[in-house]
Structures are given as C-alpha cells and as structure tokens.
*Asks:* 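Dumping the structure here so I can ask a few things about it.
All heavy atoms count here, side chains included; hydrogens, waters and symmetry mates do not.
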Amino acid sequence: QVQLLVSGGGLVQAGGSLRLSCASSGRTFNIFTLFWFRQAPGKAREFVSIFNWITGSALQTDSVQGRFSISKNTAKNTVYLQMNSLRPEDTAVYYCAAATKPTWARSPGAYDYWGQGTQVTVSS
C-alpha cells in the first residue's frame, strides 16, 4: 500500500505563488508516475500534470505551461507542484495520485493510489 499526503494549498492573490507537496509513504518503490489534477466547484476533474518518478519527465496541461513546474525530493519521497503567476481560474481543489506503472494516462482510472485534496483559492 502507498499513502499520499497532499499539502500546501491556501489563499493567494492573482499573480502569486504556491507550492503543493505530495508526500508518499509505504511501499513507495512501487511508484512510477505521479498525477496532479484539480476540480473546481461545479466543474469536471481536470488534468494538470503527470510526472514520471523514475525519469523526471513531466507533461502538463496547456493552461499551466510556463507557470507550473514539478520537482521531486527523492529522500523525502515527495513531489512538488510549484505554481507561479496564479490566476483566479486556477482556483480548485488539487489532488495527487500515483500509479505503479509508467503511464501518461490522463484518466484518473489509471491511477492506483490517491491523496486527499488541498484547496487553492486565487483572488482577483
């Protein structure tokens, strides 16, 4: 089993930054892919980013390109989502999920473990 703990959300003004963390514990050697997605009230779940834990490769949705970036701390089994130049439309609950295989799938069904969400609110 793998447990994921998401933290780092909060309230920020437009143009500001936040860093989200997705810390994994348990059988972390099983993890190949980390997946960030978000869900705003009344909207469908939206893919944000996919991160390959082994290679460090990342894929991001167009709306966050150039503003969001991903990094990892291997010693802490943690992946970070650095969010800069935040916009009101980035307001959502952000989640991370993990897959025990390499994948670029954007479907939540492809992921095996889920963390709880963290609220990100960007005021205009």
*Asks:* Can you check whether S7's main-chain N or O pairs, donor with acceptor, with S21's side chain at less than 3.5 Å?
*Replies:* no
*Asks:* Over all heavy atoms of both residues, which pair between R38 and S63 is shortest? Give the atoms and the distance, please.
*Replies:* NH2-OG, 3.6 Å
*Asks:* Can you confirm whether F32 sits close enough to I54 that some side-chain heavy atom of one is under 4.5 Å from a side-chain heavy atom of the other?
*Replies:* yes
*Asks:* Can you give me the closest heavy-atom contact between V120 and G9, atom names plus distance?
*Replies:* CG2-CA, 4.1 Å
*Asks:* With heavy-atom distances below 4.5 Å as the criterion, would you say the side chains of V12 and T121 are in contact?
*Replies:* no
*Asks:* So, for C22 and W36, which heavy atoms are closest and what is the spacing to 0.1 Å?
*Replies:* CB-CZ2, 3.6 Å
*Asks:* Rounded to the nearest 0.5 Å, what separation is found between the CD atom of Q116 and the CG atom of L4?
*Replies:* 9.0 Å
*Asks:* Measuring from atom OG1 of T100 to atom CD1 of I31, what distance do you get when rounded to the nearest 0.5 angstrom?
*Replies:* 9.0 Å
*Asks:* Would you say the side-chain atoms of R67 pair up with the backbone N or O of S85, donor to acceptor, closer than 3.5 Å?
*Replies:* yes
*Asks:* Check whether any side-chain N or O of K72 sits under 3.5 Å from a backbone N or O of W53 as a donor-acceptor pair, and report yes or no.
*Replies:* yes
*Asks:* To the nearest 0.5 angstrom, please state how far the OG atom of S71 sits from the CG atom of L81.
*Replies:* 9.0 Å
*Asks:* Give a yes or no on whether the backbone of A110 and the side-chain of K101 come within a donor-acceptor separation of less than 3.5 Å.
*Replies:* yes
*Asks:* What distance separates E89 CD from T91 OG1, expressed to the nearest 0.5 Å?
*Replies:* 8.5 Å
*Asks:* Do Y113 and Y111 make the cut of ring centroids closer than 6.0 angstrom?
*Replies:* no
*Asks:* Between N84 and S17, is a side-chain hydrogen bond (donor to acceptor under 3.5 Å, both in side chains) present by the stated rule, with each step listed?
*Replies:* CA-CA 4 Å; N84 299 326; S17 298; 2.9 Å; yes
*Asks:* At their closest point, which heavy atom of W114 faces which heavy atom of A97, and how far apart are they?
*Replies:* CE3-CB, 3.6 Å
*Asks:* Are side-chain heavy atoms of N73 and Y80 found at a separation under 4.5 Å?
*Replies:* yes
*Asks:* Do side-chain atoms of S49 reach the backbone of L59 as a donor and acceptor pair under 3.5 angstrom?
*Replies:* yes
*Asks:* Give the minimum heavy-atom separation between A14 and P88, together with the two atoms involved.
*Replies:* CB-CD, 4.1 Å
*Asks:* Under the criterion side-chain hydrogen bond (donor to acceptor under 3.5 Å, both in side chains), I'd like the reasoning laid out for S24 against N77: C-alpha separation, chi angles, the key distance, then a yes or no.
*Replies:* CA-CA 6 Å; S24 59; N77 291 316; 4.7 Å; no
*Asks:* Students often mix this up, so state it plainly: with edges at 30° and 60°, are the rings of F68 and Y94 parallel, tilted or perpendicular?
*Replies:* tilted
*Asks:* Taking the ring of F37 and the ring of F47, is the distance between their centroids below 6.0 Å?
*Replies:* no
*Asks:* Are D90 and M83 side-chain neighbours, meaning at least one heavy-atom pair lies under 4.5 Å?
*Replies:* no
*Asks:* Give a yes or no answer on whether the side chain of Q13 reaches the backbone of V122 with a donor-acceptor pair at less than 3.5 Å.
*Replies:* no
*Asks:* Would you find more than 12 non-hydrogen atoms of other residues, nucleotides or ligands less than 6.0 Å from Q65 atom CD?
*Replies:* yes
*Asks:* Just by distance, do the side chain of T78 and the backbone of K76 share a donor-acceptor pair under 3.5 Å?
*Replies:* yes
*Asks:* Give a yes or no on whether V48 and I70 share a hydrophobic cluster (residues Ile, Leu, Val, Met, Phe, Trp, Tyr; joining criterion: side-chain heavy atoms under 4.5 Å apart).
*Replies:* yes
*Asks:* Give me the atom names and distance for the closest heavy-atom approach of A58 to F51.
*Replies:* CB-CD1, 4.2 Å
*Asks:* Carefully, step by step, assess D112 and V2 under the rule side chain to side chain contact (heavy atoms under 4.5 Å, CB included).
*Replies:* CA-CA 9 Å; D112 306 293; V2 172; over 6 Å; no
*Asks:* Between L20, L5, V93, which is the residue that forms a side chain to side chain contact (heavy atoms under 4.5 Å, CB included) with T118?
*Replies:* L20
